[in-house]
Q: 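Below: one structure in structure tokens.
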Amino acid sequence: MTYCCGILVRDGLVMIADTRTNAGLDNVSTFRKLHIFEAPGERIMAIASAGNLAISQSVLSTLTEGMEDPHTGEVETLLNAPTMFQAAQRIGRAIRAVHATEGDALRAEDISFDVSFLFGGQIKGSRMRLFMVYTAGNFIECTADTPYLQIGEHKYGKPVLDRAMHYDVELYEALKAGLISMDSTMRSNLGVGLPIDVLVVRTDACEADLNHRIEAGEPYFHDLRSRWSAALRAAHQNIPRPPYKNEIEAKAKKEETR
């Protein structure tokens, strides 16, 4: 299992991914799932992956080495894509190419072809964009109405983002919300875990503002987890108790009086 989220706000892009993979309770490993492609000052793109590790690695290798366009003979990679939209299309074609090569063998072993990607970034002269690419190679794009996308074990971290995120949130406040979302997921699913890879890109910079790995025991993340737990407990305690039992007792006493 994995959890990755991408957040697109006015100030820029945040992408977060855990690194835990497992093939059973006794076969847990660490693999990077957030991959960065950049030409500083010209373009920066990032891909976060979820699903079958072998498939996602094959897709990433295909995008790195390139695919030949049958019409032009050009070798297409992410770094020479003219637009973010066309780069997302290339990810879709790479997924379908890997499926064409490996799909039958996987079916023969009763293994599902399961992979998805978050793809975000900016090419100089165009706007910052964020996409979610599905197993079939089709994709959707993040909008200002819902400025985040998730893949993997998304249900535990979604309520945090639903309540906290909107398009005008400051960039590092968006990062904080994303980390709380990751912590909520880690609390509820042991298949998601540290280290966590983080990328922050400011709009029109076309280079990383922050490219960081959060390791176990890092003071800030440890403090964030503790403060969030304490804040939830305090919020719970500060909400008045439900009045329903009192209403029932009052109604019963009223009936007795009658």
Q: Hey, what do you get for NE2 (His222) to CZ (Arg227), rounding to the nearest 0.5 Å?
A: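 Answer rounded to 0.5 Å: 11.0 Å.
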Q: What closest approach, in Å, do Leu179 and Ile16 show between heavy atoms, and which atom pair accounts for it?
A: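 Heavy-atom minimum between the residues: N-CD1, 3.8 Å.
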Q: Quick one, Tyr148 and Val9 - any side-chain contact, counting heavy atoms below 4.5 Å?
A: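 Contact flag for Tyr148/Val9 side chains = no.
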Q: Check whether any side-chain N or O of Arg20 sits under 3.5 Å from a backbone N or O of Phe31 as a donor-acceptor pair, and report yes or no.
A: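 Between the backbone of Phe31 and the side chain of Arg20 there is no qualifying donor-acceptor contact (under 3.5 Å).
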Q: Find out whether Glu102 and Ser58 are in side-chain contact, i.e. whether some heavy atom of one side chain is under 4.5 Å from a heavy atom of the other.
A: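 A side-chain contact exists here, since the closest heavy-atom pair is under 4.5 Å.
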Q: Do Leu13 and Val200 land in one hydrophobic cluster if side-chain heavy atoms of ILVMFWY residues count as linked below 4.5 Å?
A: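 Shared cluster, no.
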Q: How many angstroms lie between CG in Asp204 and CE in Met128, if you round to the nearest 0.5 Å?
A: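 CE of Met128 is found 7.5 Å from CG of Asp204.
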Q: Look only at the side chain of Ser56 and the backbone of Ser49, and say whether a donor-acceptor pair between them is shorter than 3.5 Å.
A: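 Flag not set: sc Ser56 to bb Ser49 has no pair under 3.5 Å.
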Q: May I have the step-by-step check of side-chain contact (heavy atoms from CB on, under 4.5 Å) for Val201 and Leu210, ending in yes or no?
A: CA-CA 7 Å; Val201 182; Leu210 175 69; over 6 Å; no
Q: Hey, does the side chain of Glu170 reach the backbone of Tyr172 with a donor-acceptor pair shorter than 3.5 angstrom?
A: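 Yes: the side chain of Glu170 pairs with the backbone of Tyr172.
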Q: Any chain of hydrophobic side-chain contacts (each under 4.5 Å) joining Leu130 to Ile140?
A: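 Shared cluster, yes.
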Q: Does Val28 share a hydrophobic cluster with Leu190, counting links as ILVMFWY side-chain heavy atoms below 4.5 Å and allowing steps through other members?
A: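 Looking at the clustering, Leu190 is in a separate group from Val28.
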Q: Decide yes or no for Pro195 and Glu215: does some side-chain heavy atom of the first lie under 4.5 Å from some side-chain heavy atom of the second?
A: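 Of all side-chain heavy-atom pairs linking Glu215 with Pro195, at least one is under 4.5 Å.
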Q: Ion pair present between Arg127 and Glu141, side-chain N to carboxylate O less than 4.0 angstrom?
A: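 Counted as a salt bridge, because a side-chain N and a carboxylate O are separated by less than 4.0 Å.
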Q: Would you say the side chain of Glu76 lies within less than 4.5 Å of the side chain of Gln86, judging by non-hydrogen atoms?
A: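 They are not in contact (no side-chain heavy atoms under 4.5 Å apart), so the answer is no.
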Q: State plainly whether one hydrophobic cluster holds both Tyr156 and Ile196, where clusters connect Ile, Leu, Val, Met, Phe, Trp and Tyr through side-chain heavy atoms under 4.5 angstrom apart.
A: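 No, because Tyr156 and Ile196 fall into different hydrophobic clusters, even though each may have its own neighbours under 4.5 Å.
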Q: Which heavy-atom pair separates Ile55 from Asp114 by the least distance, and what is that distance?
A: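 Closest pair (atom of Ile55, atom of Asp114, distance): CD1-N, 3.8 Å.
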Q: Return the minimal non-hydrogen interatomic distance between Met165 and Ile7, and the atom names on each side.
A: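 Looks like CE-CG2, 3.4 Å.
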Q: Quick check against the 3.5 Å criterion: does Arg10 have a side-chain atom that pairs as donor or acceptor with the backbone of Val169?
A: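 No, because the side chain of Arg10 does not come within donor-acceptor range (under 3.5 Å) of the backbone of Val169.
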Q: Short question: side chain of Ser126, backbone of Gln122 - any donor-acceptor pair under 3.5 Å?
A: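 Answer holds: no.
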Q: Is there a donor-acceptor pair under 3.5 Å between the side chain of His166 and the backbone N or O of Arg163?
A: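 Answer holds: no.
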Q: Can any side-chain N or O of Asn80 pair as donor or acceptor with the backbone N or O of Thr77 at less than 3.5 Å?
A: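 It does hold such a pair.
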Q: Which heavy-atom pair separates Ala48 from Ala17 by the least distance, and what is that distance?
A: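 Closest approach of Ala48 to Ala17, heavy atoms only: CB-CB, 4.4 Å.
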Q: So, taking the atom named CD in Glu38 and the one named CG in Leu78, what distance separates them when rounded to the nearest 0.5 Å?
A: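 Those atoms lie 13.0 Å apart.
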Q: Regarding Thr2 and Lys33, do their side chains bring together a donor and an acceptor under 3.5 Å, going by distance alone?
A: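 The criterion, which ignores hydrogens and geometry beyond distance, is satisfied for Lys33 and Thr2.
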Q: What's the spacing between Glu207 CD and Ile44 CD1 if we round to 0.5 Å?
A: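 If we round to the nearest 0.5 Å, Glu207:CD and Ile44:CD1 are 7.5 Å apart.
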Q: Using atom types as modelled and distance alone, determine if a side-chain donor or acceptor of Ser116 lies under 3.5 Å from a backbone N or O of Val133.
A: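 No: the side chain of Ser116 does not pair with the backbone of Val133.
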Q: Hey, does the side chain of Asp18 reach the backbone of Tyr3 with a donor-acceptor pair shorter than 3.5 angstrom?
A: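 Looks like yes, one N/O pair under 3.5 Å.
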Q: Passes side-chain contact (heavy atoms from CB on, under 4.5 Å), Phe85 versus Arg129? Steps please.
A: CA-CA 8 Å; Phe85 178 78; Arg129 303 178 78 171; 3.7 Å; yes
Q: Compare every heavy atom of Trp228 with every heavy atom of Asp183, then report the nearest pair and how far apart it is.
A: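 In this case the closest contact between Asp183 and Trp228 is OD2-CD1, 4.0 Å.
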Q: Taking the ring of Phe119 and the ring of Phe37, is the distance between their centroids below 6.0 Å?
A: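 No.
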Q: Working to the nearest 0.5 Å, report the span between NZ of Lys124 and CZ of Arg43.
A: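 Nearest 0.5 Å value for the NZ-CZ distance: 12.0 Å.
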Q: Using a 4.5 Å cut-off on heavy atoms from C-beta on, say whether the side chain of Met15 contacts that of Leu34.
A: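 Yes. Closest side-chain heavy atoms under 4.5 Å.
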Q: Decide yes or no for Arg90 and Met67: does some side-chain heavy atom of the first lie under 4.5 Å from some side-chain heavy atom of the second?
A: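 Contact flag for Arg90/Met67 side chains = yes.
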Q: Going by heavy atoms in the side chains, are Phe113 and Ile95 under 4.5 Å from each other?
A: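 Heavy-atom side-chain distance check passes, below 4.5 Å.
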Q: Would you mind reporting whether Val115 and Asn52 have side-chain heavy atoms less than 4.5 Å apart?
A: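 With C-beta onward as the side chain, the pair stays apart.
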Q: Given the rule in the side-chain contact (heavy atoms from CB on, under 4.5 Å) test, do Arg32 and Asp197 qualify, once you have shown the distances and angles that lead to the verdict?
A: CA-CA 8 Å; Arg32 185 176 182 91; Asp197 290 316; 3.1 Å; yes
Q: For a side-chain hydrogen bond (donor to acceptor under 3.5 Å, both in side chains) check, start with the C-alpha distance between Glu218 and His212, then their side-chain angles and the critical distance, and finish with the verdict.
A: CA-CA 12 Å; Glu218 182 182 272; His212 180 64; 2.8 Å; yes
Q: How many angstroms lie between NZ in Lys155 and CD in Glu153, if you round to the nearest 0.5 Å?
A: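 Between atom NZ of Lys155 and atom CD of Glu153 there are 3.5 Å.
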Q: Measure from the side-chain N and O atoms of Thr146 to the backbone N and O of Cys142, and report whether any donor-acceptor pair falls under 3.5 Å.
A: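 Here the side-chain-to-backbone pair does not exist.
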Q: Hey, any chance Val59 and Leu53 share a hydrophobic cluster, counting ILVMFWY side chains that come within less than 4.5 Å of each other, even indirectly?
A: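 Shared cluster, no.
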Q: Search all heavy atoms of Leu199 against all heavy atoms of Ala46 and return the closest pair with its distance.
A: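 Where Leu199 meets Ala46 most closely, the heavy atoms are CD2-CB, 3.4 Å.
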Q: Apply the test side-chain contact (heavy atoms from CB on, under 4.5 Å) to residues Val198 and Ile214: give CA-CA distance (whole Å), side-chain angles for both, the deciding distance (0.1 Å), then the verdict.
A: CA-CA 8 Å; Val198 175; Ile214 298 173; 4.0 Å; yes
Q: Begin with the C-alpha distance, continue with both residues' side-chain angles, and end with the deciding distance and a verdict on side-chain hydrogen bond (donor to acceptor under 3.5 Å, both in side chains) for Arg213 and Thr19.
A: CA-CA 10 Å; Arg213 169 163 285 194; Thr19 57; 5.2 Å; no
